[in-house]
Structure formats: C-alpha cells, structure tokens
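I have placed the structure first, in the form of structure tokens, so that the comments after it can refer back to it.
Numbered from 1 within each chain, the chains take letters A, B, ... in sequence-line order. Keep in mind the model is a prediction, meaning the values are calculated, not measured.
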Amino acid sequence: MFAIVDCNSFYASCERIFRPDLINVPIVVLSNNDGCVIALTSEAKKHGIKRGAAYFEIKELVRLKNITVFSSNYALYHSISERIMAILAEYTTNIEVYSIDEAWLDMNGLSDRYALACQIRKSILDWVKMPVSIGIAPTKTLAKVANKIGKNKPSGVCELCPKEYTDYILSNFDIADIWGIGRQLSKKLNIHGIYTAKQLSEASDRWVRKLYNVGLERTVRELRGEPCIDFETAPTPKTIIVSRMFGKKLYNQSEIGEALAKYCGHAATKLRKNHLVAKNMTIFIQATEGYGKNGNNYSCRYNFDNGTDSTIFLSQMAHRMLEQIFRPTKKYLRAGIMLDQLTFKDQTQYNLFNIAETPKQDKLMAVIDKINNKFGNDKIGLLSAGINREWKMKQEHLSPGVKGRVKLYH
DNA sequence: TCTGGGGTCCTAGGACCC
DNA sequence: TCTGGGGTCCTAGGACCC
C-alpha cells in the first residue's frame, strides 16, 4: 500500500505562509528570469491563467485582477520542503522523497490508513501552514489517481478502496490525468477509442506494449492494482544539470565564463552532498541564432581521468572548454553544464598515473560547504564566478530570503 | 521585447566485433 | 554468380514527470 503526499500549489503556498494577508488572494509564481507561470493558486486559475503562460502576455490581466506575483525563491521552497519531509519522517521511516513537494509513504501493515493520513495532513497544516492532499492505493499509479481526487475533497484525503469505488473513480478519470501519460500518449490512445482510466486498465498488455512501450504496459498493470513501480528509498542522481537563461543577451566570453564557473559551483556542491564524483562534463551555450544540426546550441564534452567533485577543477575545465566553442560574433541567451558518469566517491577507481584530487582540495571544499550551509548559498565561492554578475537572471518580484525568518515550528 | 530548469526511462540506429 | 548473423556499446532523440 502506497500513500502519496502532495503539497497544493506548493510554491504559491510557500509564499503565503509568510503573508497571511494573501489567504484567498490569487497568486502566481514565475519561473527563473520571470519568464512564465510555474505555480498558481486556485483563485488565479479562476481568472483563466494556466501553468506555463508567458508572463508578458498576462501582465495586464494580473494588474486588472489584482493578482499577486512572485519570482521563484528556491532557497525558501527548499527550506519549507525540508520541514515537511521531517514531519513525514516522524510518522514512518519508509519514506521516498519524490520531488520538492511530494513524498511516497509505505503504508503496508498499517490498519487505519485513512485516519493516519488525516492526522498527517493536520500536522503539516498546523505546524507549517502548508495544505497537502494524500492519496492511498495498492499501486503508485492508483495512489496518484487518489491524490487527484483528494484535492477536491474537504478532507484532502482519498483511499481507493473497495474495488467498486476504484472502478467508479477510474470510469470517470480522464487518461490525460494519469501519471505517466502525457499529451502525445493520450492523443494516441484517444484515436483508439480509449478515454478513461477504466478503459485503459482493460486494454491487453501485448496490445499496449506494441502501441508504445513497456512503460505504458506498466501503467496499465498498475491501474489494475498490480504493483510494478517499487518504493525507492534514497535514489542517487545519475546526471546533474545546471543551466540558466541569462538576464540579458551576452556577447562577452568572460561573462559567460563567470556564469559557467558559478554553475560548476552549484553542481559540485550537489555532488559532494550526495558523496558522488563525476567522470564526465558537458558544457553548452545557446546563441540567439544559428544553423546546422544542433541549431544554435554549441557544446563540448570532456572525460576526466579521475572522478572529481572539486569546484576548482570543474571551473578550470569549463573555462578551457568554453574557449573551444565560443564564437565571438554571436549573442548568447543561455549556458549550462551537465555532469554524468557519476559514481560514489569511496568506490571510484582512480587512474594510477594521474591523481588530480588532493586531500588538501577536499578539505578546502568541505570548508566552503560548511560556510555556505551556515550563512546561505553563495556567501563564498570562486572569484572566477564573478562579483558584479551582470548576467544574473531577472527576479523583480522576489520575496525575502528564508534565513532569519521566524521559526515555523518547534 | 519578453516563454524555466532539472531530471528519468526507453528505443532506434550506427559502429564495431567475431 | 553468389556477399551472414548475432551481439554489445554508445548516442541521440522522444516521451514523460515535477
């Protein structure tokens, strides 16, 4: 038995925690660079705004309807998320943090699951002021269905049980809302006359597999109540990507270099947090115009002799790689780095003849992490990541940082 | 003028090997 | 005159998720 705990309009609700005056007021939260809407409250939805809408297109509506706008404030959202996960951990040790605003709970062997879910929901609301919905079912896919139903219930909780009730729900559930089925697949299934979750659950495994792939077959089995997707306690990342649009177009190699150095810092911090090292790095820059197979994207890939988690080493490599792909006549919109071939630091094989890592550098990185943990991200970093940071993204509606705010719960 | 960022899984197709 | 077949590994691209 699985339960999925999902925060309602998470980013918008986070902003509301510190602004009780915004209860029942429509709120939208914008993507990095204030580009488009990534989260919105039900009140904002009523004005016809959709997730993904371009901000410049709804600006007038926002003004007319008095909708409150926030730039996304990830430091705040991560901090709230950690508090919620800590509350969940008080109820069960078997918890899989699935995303910043969602977690799976293992409910096997628990008797009154519905009452427990109501209790969890109340704790999170009382202590963090975050509204959540909880779905309970024998498979992850069904739990997601239940969660969606729970969002429209006053209790916020839905358990798919008994079978007649599940059948009733699935008969009225649009396939486009099923976890794992996106726009393309639902269109494809509609052509074959499949519109509801119930119809999809009755399709034959072989037919479904032939129509698309094993992933869809798993979804179908899960809809029938057969668990195919396991509980994963601490998934380790396989790739780490850091990429951002710039606040304005850049044509200067040194500014792009600064941005890349900063992204290397973020990526390396994430490596160290997960006790990983990377053996491979790709950097990419996106120009405003271009041609060829990859259009306006230019990238460069490099394999290290030894896995690394050093900000210094990664930044130096990124700098050299940028020299190879940078074209001076172009203007650039975005840059990014990707790390892959990640392995655990204590299991990695080093090249005997080229030991790049030194204990000294490890110590330095540990100190940097400690300082940034205590005083907030980016308090200390490499000079190569720049000080003025004119390329920094636009965030005109940012709420104050989380450090120094009132404690939310004891 | 202006449309995010970070991930996973699966498949097809090419290169290469014997 | 006739020119195989099976396997692996890698990469790119498509679909999905939050």
Touch class at under 4.0 angstrom, heavy-atom based, for [X] against every strand present:
{"X": "A/Asn33", "value": "nothing"}
{"X": "A/Lys187", "value": "nothing"}
{"X": "A/Ile240", "value": "sugar-phosphate"}
{"X": "A/Val242", "value": "sugar-phosphate"}
{"X": "A/Glu57", "value": "base"}
{"X": "A/Pro235", "value": "nothing"}
{"X": "A/Tyr55", "value": "nothing"}
{"X": "A/Arg334", "value": "sugar-phosphate"}
{"X": "A/Ile100", "value": "nothing"}
{"X": "A/Phe10", "value": "nothing"}
{"X": "A/Leu216", "value": "nothing"}
{"X": "A/Asp101", "value": "sugar-phosphate"}
{"X": "A/Lys238", "value": "sugar-phosphate"}

Identify whether the distance between the nearest side-chain nitrogen and carboxylate oxygen of [X] and [Y] falls below 4.0 Å.
{"X": "A/Arg320", "Y": "A/Glu323", "answer": "no"}
{"X": "A/Glu43", "Y": "A/Arg16", "answer": "yes"}
{"X": "A/Asp205", "Y": "A/Arg224", "answer": "yes"}

- Residues A/Glu96 and A/Thr233: side-chain donor-acceptor under 3.5 angstrom: no

- Item | Residue pair A/Glu15 / A/Tyr77, side-chain donor-acceptor N/O under 3.5 Å | yes

- Pairwise 5' ranking along DNA chain B for A/Ala53 and A/Gly215, keeping only the more 5' one: A/Ala53

- Query: When the nearest nucleotide of DNA chain B is assigned to A/Thr239 and to A/Ala54 on a heavy-atom basis, which residue is associated with the more 5' position?
  - Reply: A/Ala54

- Item | Pairing partner of C/dG13 (Watson-Crick or G-U wobble, both distances under 3.5 Å) | B/dC10

- Item | A/Arg218 side chain reached by A/Leu223 side chain, heavy atoms, under 4.5 Å | no

- Task: Classify the angle between the aromatic ring planes of A/Phe304 and A/Tyr302 as parallel (below 30°), tilted (30 to 60°) or perpendicular (above 60°).
- Result: tilted

- Mind checking the C1' distance from C/dC17 to B/dG4? Whole angstroms is fine. 15 Å

- Interface limits on DNA chain B, where chain A has a heavy atom under 4.0 Å of a nucleotide atom: B/dC2 to B/dT11

